[in-house]
*Asks:* 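If you scroll down you'll find the structure; I have some questions about it.
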Number of protein chains: 2
Amino acid sequence: MVKRTCFEDAQCPIARSLDAIGDGWSLLIIRDALGGRRRFSEFQKSLGTAKNILAARLRALVAHGIFELRPASDGSAYQEYVLTDKGKDLFPVLVALRQWADDYLFEPGEEYTRLVDRKSGKRVRRLELHAQDGRLLRRQDTELVRVP
Amino acid sequence: MVKRTCFEDAQCPIARSLDAIGDGWSLLIIRDALGGRRRFSEFQKSLGTAKNILAARLRALVAHGIFELRPASDGSAYQEYVLTDKGKDLFPVLVALRQWADDYLFEPGEEYTRLVDRKSGKRVRRLELHAQDGRLLRRQDTELVRVP
DNA sequence: GACAGTGGTTTCATTATGAAACCATTTGAG
DNA sequence: CTCAAATGGTTTCATAATGAAACCACTGTC
């Protein structure tokens, strides 16, 4: 069930991330979960996935500790899939993908959703990367070093 | 050749991003390209992908405008795959994935690479999301609004 | 001119994905 | 309480993607 052997013991953090969530549906499920969905049928309706696929993905995400199963909050006998902290912390990944898409994958008038600051209602700024001392860093200002 | 029909006309920016780069190899190729690799054989050696898969992926990435083919910079008759601005701007996505992995997918002493500020050599800070007025925003401080 | 390296393509086997049917349990309506 | 519908899946089967290996044309190297 989703067994990407070549990534599994990869040293690269990006490869590891992709092993956990790099399958095309996972991030959409997590997006929905961050939007408040929690029930199997909610995900299924929202995503339009085949039920077997969704079941397999949710099982894998639970196994990875990104979701956990909990008794339904409305008191019913069913269960809910809720994001763990690990899952919630994928938020920046989703924001990065969203901002990139906004920049390059949408036509000018085509905007569809907007991520806003709840307080002001205004659009958020671009994700920023800073140095320890606070300087704003561009890609070229950074470097990847190996620590053995 | 990689035809994720259910994402193609998706309105959601995240779904669109995943349609372009959400296949598991693409981001690793782009990671390598940001690290300076440009030739087919460099990618192939580094990633260990089957050549047919790599060829298909590179073709798709070129078609998406993430890479472009250019005559080799060393004057040989071969060509190089170089990132366009669109491709380079996936940097924040990679940083987000890396930071998440560092937090959750590595054991304490297991660190492997570190993204540093070139000037100081010190590790970069976490990606930050700010409001227009500069306030640092957490996930809960944001909201997704539909713009029709 | 021989030989290795580059950048692929082709073929075939394996694996993942997806659609549809099915099913046990739960819930809601009457 | 009863029955129908909804929930949360699993199973089966077809199709599509991936991967390994062999092959091949062209390039650079000696």
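Convention: sequence-line order gives letters A, B, ...; per-chain numbering from 1.
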*Asks:* Could you check B/Glu111 against B/Phe106 for side-chain contact (heavy atoms from CB on, under 4.5 Å), going step by step and ending with a plain yes or no?
*Replies:* CA-CA 7 Å; B/Glu111 193 186 33; B/Phe106 281 77; 5.7 Å; no

*Asks:* Out of D/dG8, C/dT17, C/dG7, which has the shortest distance to the side chain of A/Ile53?
*Replies:* C/dT17

*Asks:* When you check the phosphate oxygens OP1 and OP2 of C/dT9, does a side-chain N or O of B/Arg59 lie under 4.0 Å from one of them?
*Replies:* yes

*Asks:* As a test of reading the structure: which of D/dT27, C/dC22, C/dT26 is closest to the side chain of A/Lys51, going by heavy atoms?
*Replies:*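 Side chain of A/Lys51 sits closest to C/dC22.
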
*Asks:* Please determine whether a side-chain nitrogen or oxygen atom of A/Trp25 lies at a distance below 4.0 Å from atom OP1 or OP2 of C/dG18.
*Replies:*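 Yes.
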
*Asks:* Take atom CG of B/Leu54 and atom C1' of C/dT10, then tell me their distance rounded to the nearest Å.
*Replies:* 16 Å

*Asks:* Between B/Ala55 and A/Ala77, name the one whose nearest nucleotide on DNA chain C is closer to the 5' end.
*Replies:* B/Ala55

*Asks:* Round to the nearest Å and state the distance from A/Asp23 atom CG to D/dA17 atom P.
*Replies:*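 In whole Å, D/dA17 P and A/Asp23 CG are 15 Å from each other.
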
*Asks:* How long is the line joining CG of B/Leu18 and P of C/dT17, in whole Å?
*Replies:*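 Spelled out: CG on B/Leu18 to P on C/dT17 is 14 Å.
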
*Asks:* To the nearest angstrom, how far is A/Asp19 atom CG from D/dT18 atom P?
*Replies:*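 Whole-Å distance recorded here is 15 Å.
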
*Asks:* Nearest whole angstrom, please: distance from the P of C/dG5 to the CG of B/Asp74.
*Replies:*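 Roughly 17 Å, once rounded to whole Å.
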
*Asks:* Counting any heavy atom closer than 4.0 Å, what does A/Thr49 reach on the DNA or RNA strands: base, sugar-phosphate only, or nothing?
*Replies:* nothing

*Asks:* By nearest atom, which of the nucleotides D/dT10, C/dG8, C/dT17 is closest to the A/Asn52 side chain?
*Replies:*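 The nucleotide sitting nearest to the side chain is D/dT10.
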
*Asks:* Measure from the side-chain heavy atoms of B/Ser41 and tell me the nearest of D/dG19, D/dG28, C/dG7.
*Replies:* C/dG7

*Asks:* Taking only side-chain N and O atoms of A/Arg39, does any of them lie within less than 4.0 angstrom of OP1 or OP2 on D/dG8?
*Replies:* yes

*Asks:* Between B/Tyr78 and B/Arg39, does any side-chain donor sit less than 3.5 Å from a side-chain acceptor?
*Replies:*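 There is no such pair (donor and acceptor under 3.5 Å, judged by atom type) between the side chains of B/Tyr78 and B/Arg39.
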
*Asks:* Looking at the side chain of B/Phe40, which of C/dT6, C/dG8, D/dA21 is the nearest nucleotide?
*Replies:* C/dG8

*Asks:* Identify which nucleotide among D/dG9, D/dG19, D/dG8 has an atom closest to any side-chain atom of A/Tyr81, counting heavy atoms from C-beta outward.
*Replies:*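 The answer is D/dG9, which lies nearest to the side chain.
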
*Asks:* Atom CD of A/Glu42 to atom C1' of D/dG8: distance rounded to whole Å?
*Replies:* 13 Å

*Asks:* For B/Gln79 and D/dG28, give me the distance from atom CD to atom P, rounded to whole Å.
*Replies:*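 It is 12 Å, rounded to the nearest whole Å.
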
*Asks:* Looking only at the side chains, is there a donor atom on one of A/Thr49 and A/Gln44 sitting less than 3.5 Å from an acceptor on the other?
*Replies:* no

*Asks:* Among B/Val124, B/Val95, B/Val116, which one satisfies side-chain contact (heavy atoms from CB on, under 4.5 Å) with A/Thr142?
*Replies:*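 Among B/Val124, B/Val95, B/Val116, the one meeting side-chain contact (heavy atoms from CB on, under 4.5 Å) with A/Thr142 is B/Val124.
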
*Asks:* Just the rounded figure in Å: distance from P of C/dT6 to CZ of B/Phe43.
*Replies:*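 Checked: the CZ to P distance equals 14 Å.
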
*Asks:* Checking B/Arg98 against B/Thr113: is there a side-chain donor and acceptor pair closer than 3.5 Å?
*Replies:*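 Judged by distance alone, the side chains do pair up.
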
